[in-house]
Amino acid sequence: EFHAVHDVDRIVAEAENGSFCLKPRHRDFTTALVPGILEYSLSTGNPSYVAVDQGLLIKTAESVVVWVRHAVASDDLEKLKEVVGVQFAELEERERATRSAVSRLEADFARRFLKVREISHV
């Protein structure tokens with residue numbers, strides 16, 4: 001989903017080497033983002049928050065673009081914490097089911113491979 005925000009005065013996010021702050025006249029900048037909270041403040045001074053998964057942030061001239069796999073936005077940090085907890089639990093369950101399916105496929109492949117080897121040695 002694409003979401004454009006205009007007139008941002010400040011962005012605070014976290015990269016592999018720690019958190020950083022971007023302001024409008026900051027030099028061009030590119031970094032990999034780690035899972036965490038991205039905060040931005042509009043010209044009105046009200047902060048907004050986005051929980052982000054790993055991704056990429058690119059600042060060029062007057063534009064900042066952020067690409068992430070998963071993101072949840074809110075103006076209420078406590079509500080964001082609740083929503084993210086539920087969503088990450090759902091993602092974890094899906095990933096666990098995927099790992100289980102892959103393990104079954106690998107085991108089936110190994111059984112079939114051993115069976116083919118046995119037949120070819122007969």
Side-chain angles (χ1 to χ4, degrees):
E1 178 179 327
F2 175 78
H3 182 70
V5 178
H6 301 281
D7 300 323
V8 174
D9 284 343
R10 179 177 70 100
I11 297 173
V12 178
E14 191 167 343
E16 293 176 349
N17 58 348
S19 64
F20 61 91
C21 178
L22 292 176
K23 294 204 171 203
R25 297 191 190 272
H26 195 279
R27 64 184 166 89
D28 288 355
F29 182 78
T30 301
T31 191
L33 298 175
V34 296
I37 302 293
L38 182 144
E39 175 186 336
Y40 63 93
S41 296
L42 302 174
S43 56
T44 61
N46 298 329
S48 293
Y49 307 96
V50 182
V52 299
D53 195 351
Q54 61 192 13
L56 184 64
L57 179 143
I58 300 173
K59 192 252 184 233
T60 55
E62 297 295 318
S63 296
V64 176
V65 177
V66 177
W67 285 281
V68 293
R69 289 180 9 171
H70 304 285
V72 179
S74 179
D75 293 335
D76 182 342
L77 198 52
E78 284 303 314
K79 186 169 186 137
L80 181 62
K81 182 178 177 182
E82 292 173 23
V83 171
V84 168
V86 169
Q87 286 194 358
F88 277 112
E90 290 172 0
L91 283 172
E92 188 174 311
E93 180 57 36
R94 279 187 264 165
E95 288 174 359
R96 187 178 9 259
T98 300
R99 283 192 300 273
S100 177
V102 168
S103 292
R104 286 192 305 273
L105 287 171
E106 289 172 342
D108 185 53
F109 175 79
R111 278 193 299 276
R112 289 173 189 251
F113 179 75
L114 291 174
K115 194 172 195 174
V116 168
R117 282 188 68 191
E118 287 174 9
I119 291 172
S120 66
H121 283 91
V122 173

S.K.: Any sub-3.5 Å donor-acceptor pair from Asp28's side-chain atoms to Ala61's backbone N or O?
M.R.: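 Yes: the side chain of Asp28 pairs with the backbone of Ala61.
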S.K.: With salt bridge (Lys or Arg N to Asp or Glu O under 4.0 Å) as the rule and sequence neighbours excluded, what pairs involving residues 104-114 come up?
M.R.: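 Checked against salt bridge (Lys or Arg N to Asp or Glu O under 4.0 Å) - neighbours excluded - the pairs reaching residues 104-114 are Asp108-Arg111, Asp108-Arg112.
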S.K.: Do the side chains of Leu33 and Val66 get nearer than 4.5 Å, heavy atoms only?
M.R.: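 In short, these two side chains touch, coming nearer than 4.5 Å.
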S.K.: Taking the side chain as C-beta and beyond, is there a heavy-atom pair between Ile58 and Trp67 under 4.5 Å?
M.R.: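 The answer is yes, as the side chains (C-beta and beyond) meet within the 4.5 Å cut-off.
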S.K.: Should Val34 and Val64 be regarded as members of a common hydrophobic cluster, given that ILVMFWY residues are connected when their side-chain heavy atoms come within less than 4.5 Å of each other, either directly or indirectly?
M.R.: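 No; tracing contacts between hydrophobic side chains, which count when under 4.5 Å, never links both residues.
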S.K.: Quick one: does any side-chain atom of Ser103 pair with a main-chain N or O of Arg99 as donor and acceptor, under 3.5 Å?
M.R.: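 Looks like yes, one N/O pair under 3.5 Å.
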S.K.: If you take all heavy atoms of Ser74 and Leu80, which pair is closest and at what distance?
M.R.: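 Heavy atoms only, the tightest pair is CB-CB, 3.9 Å.
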S.K.: Taking only residues at least two apart or on different chains, which pairs with a member in residues 34-62 satisfy salt bridge (Lys or Arg N to Asp or Glu O under 4.0 Å)?
M.R.: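 Found Arg10-Glu39, Asp53-Arg69.
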S.K.: Give me the ring orientation class for Phe29 and His26: parallel if the planes are under 30° apart, tilted from 30 to 60°, perpendicular past 60°.
M.R.: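 Answer is perpendicular, since the angle exceeds 60°.
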S.K.: State yes or no: do Leu38 and Leu42 share one hydrophobic cluster built from I, L, V, M, F, W and Y residues joined by side-chain heavy-atom distances below 4.5 Å, directly or via other members?
M.R.: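 Same cluster: Leu38 reaches Leu42 through Ile, Leu, Val, Met, Phe, Trp or Tyr contacts under 4.5 Å.
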S.K.: Flag the pair Val68 / Val50 as yes when at least one side-chain heavy-atom distance between them is below 4.5 Å, and no otherwise.
M.R.: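 Side chain of Val68 against side chain of Val50, heavy atoms only: no contact under 4.5 Å found.
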S.K.: Establish whether Val72 and Tyr49 are linked, either directly or via other cluster members, by ILVMFWY side-chain heavy-atom contacts under 4.5 Å.
M.R.: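 Yes, Val72 and Tyr49 fall within the same hydrophobic cluster.
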S.K.: Taking the side chain as every heavy atom from C-beta outward, state whether Tyr40 and Ser48 have any atom pair closer than 4.5 Å.
M.R.: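 Result yes, sub-4.5 Å side-chain heavy-atom pair found.
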S.K.: For residues 11-21, run the donor-acceptor check on the side chains, cut-off 3.5 Å, and write out each pair with its distance to 0.1 Å, sequence neighbours left out.
M.R.:
none

S.K.: Flag the pair Thr31 / Leu56 as yes when at least one side-chain heavy-atom distance between them is below 4.5 Å, and no otherwise.
M.R.: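 Result no, sub-4.5 Å side-chain heavy-atom pair not found.
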